[in-house]
Amino acid sequence: MSHPEPDRALYTISVAAQLAGVSPRTLRHYESHGLLAPARTRGGTRLYSDNDIARLRRVTELAEQGVNLVGIRRILDLQDENTRLREDGRGDRPDGAVR
DNA sequence: TTTCTTACA
DNA sequence: TGTAAGTA
């Protein structure tokens with residue numbers, strides 16, 4: 001009962017592109033630079049999850065702010081690592097100590 | 001028709 | 001980033 005969530009929606013590249021306001025070409029470009037890693041069908045078609053869409057939104061937002069792809073990748077990796085650490089369950093450090 | 005990769009401008 | 005070729 002950890003997650004009552006129904007099936008997570010998946011989108012094709014054209015739908016994901018519309019949701020993010022960019023072209024499929026741009027999505028493939030982002031992926032080639034390690035900014036995105038959508039799942040694939042057996043035939044190779046990309047399947048974007050809600051998480052991918054959320055990540056994609058962070059990408060477009062940073063891009064609008066003038067951050068280049070290398071910078072965006074680093075920021076996203078750091079954000080995700082930070083989120084991962086928080087969700088690690090050991091986030092209760094009484095005195096705020098780290099490690 | 002859509003998507004995929006590769007590639008050119 | 002847009003477009004094209006040749007596939008699947």
Side-chain angles (χ1 to χ4, degrees):
Chain A
M1 54 170 174
S2 50
H3 286 172
E5 320 284 327
D7 299 332
R8 294 286 186 189
L10 294 176
Y11 316 86
T12 58
I13 193 170
S14 60
V15 176
Q18 293 193 336
L19 290 175
V22 298
S23 72
R25 178 73 183 80
T26 300
L27 294 190
R28 296 189 179 106
H29 192 223
Y30 287 162
E31 185 177 347
S32 73
H33 283 266
L35 272 50
L36 253 37
R40 299 277 189 132
T41 60
R42 209 170 154 181
T45 296
R46 297 174 176 72
L47 296 177
Y48 294 80
S49 67
D50 289 322
N51 275 183
D52 291 323
I53 301 302
R55 189 180 172 91
L56 180 52
R57 288 196 157 127
R58 280 181 285 168
V59 172
T60 58
E61 184 176 320
L62 291 169
E64 287 174 18
Q65 292 171 38
V67 182
N68 64 39
L69 300 188
V70 176
I72 292 177
R73 188 174 62 190
R74 289 211 50 200
I75 292 172
L76 260 47
D77 287 347
L78 289 171
Q79 288 186 332
D80 290 348
E81 181 185 341
N82 194 290
T83 296
R84 208 177 61 218
L85 292 174
R86 287 171 172 294
E87 298 176 332
D88 232 330
R90 292 164 298 164
D92 278 346
R93 228 66 74 151
D95 55 343
V98 179
R99 279 203 172 56

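Numbered from 1 within each chain, the chains take letters A, B, ... in sequence-line order.
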Dot-bracket pairing map - DNA chain B, Watson-Crick plus G-U, both contacts under 3.5 Å, | cross-strand: .|.||||||
With a cut-off of 6.0 Å (strictly less than), are more than 12 heavy atoms of other residues, nucleotides or ligands near CZ of A/Arg8? no
Locate the shortest heavy-atom distance separating A/Val59 from A/Ile72; write the atom from each residue and the value. O-CD1, 3.8 Å
Any A/Thr12 side-chain nitrogen or oxygen under 4.0 Å from OP1 or OP2 of B/dT2: no
Describe the nucleic acid contact of A/Gly43 in one word from base, sugar-phosphate, nothing, applying a heavy-atom distance below 4.0 Å. nothing
Is any side-chain heavy atom of A/Leu76 closer than 4.5 Å to a side-chain heavy atom of A/Leu62? yes
Could you check whether any side-chain heavy atom of A/Leu27 comes within less than 4.5 Å of a side-chain heavy atom of A/Tyr48, counting everything from C-beta outward? yes
For chain A and DNA chain C, what are the first and last nucleotides along the strand, 5' to 3', with at least one atom under 4.0 angstrom from a heavy atom of the protein chain? C/dT1 to C/dT3
I'd like to know if the side chain of A/Thr83 pairs up with that of A/Asp80 as donor and acceptor (distance under 3.5 Å, no hydrogens or angles considered). no
Got A/Arg57 and A/Ile53 here, is their nearest side-chain heavy-atom distance under 4.5 Å? yes
For the student: nearest non-hydrogen atoms of A/Pro24 and A/Ala17, plus distance: N-CB, 3.8 Å
With sugar-phosphate meaning primed atoms plus P, OP1 and OP2, does A/Arg42 contact a base, only sugar-phosphate, or nothing at under 4.0 Å between heavy atoms? nothing
Quick check: do A/Arg58 and A/Arg55 have side-chain heavy atoms less than 4.5 Å from each other? yes
Below 4.0 angstrom, which residues in residues 15-31 of chain A have at least one non-hydrogen atom near DNA chain C? A/Ser23, A/Arg25, A/Thr26, A/His29
Heavy-atom nearest pair, A/Tyr30 first then A/Ala63, reads OH-CB, 4.2 Å
Taking every heavy atom of A/Ala20 against every heavy atom of A/Leu56, the minimum-distance pair comes out as CB-CD2, 3.4 Å
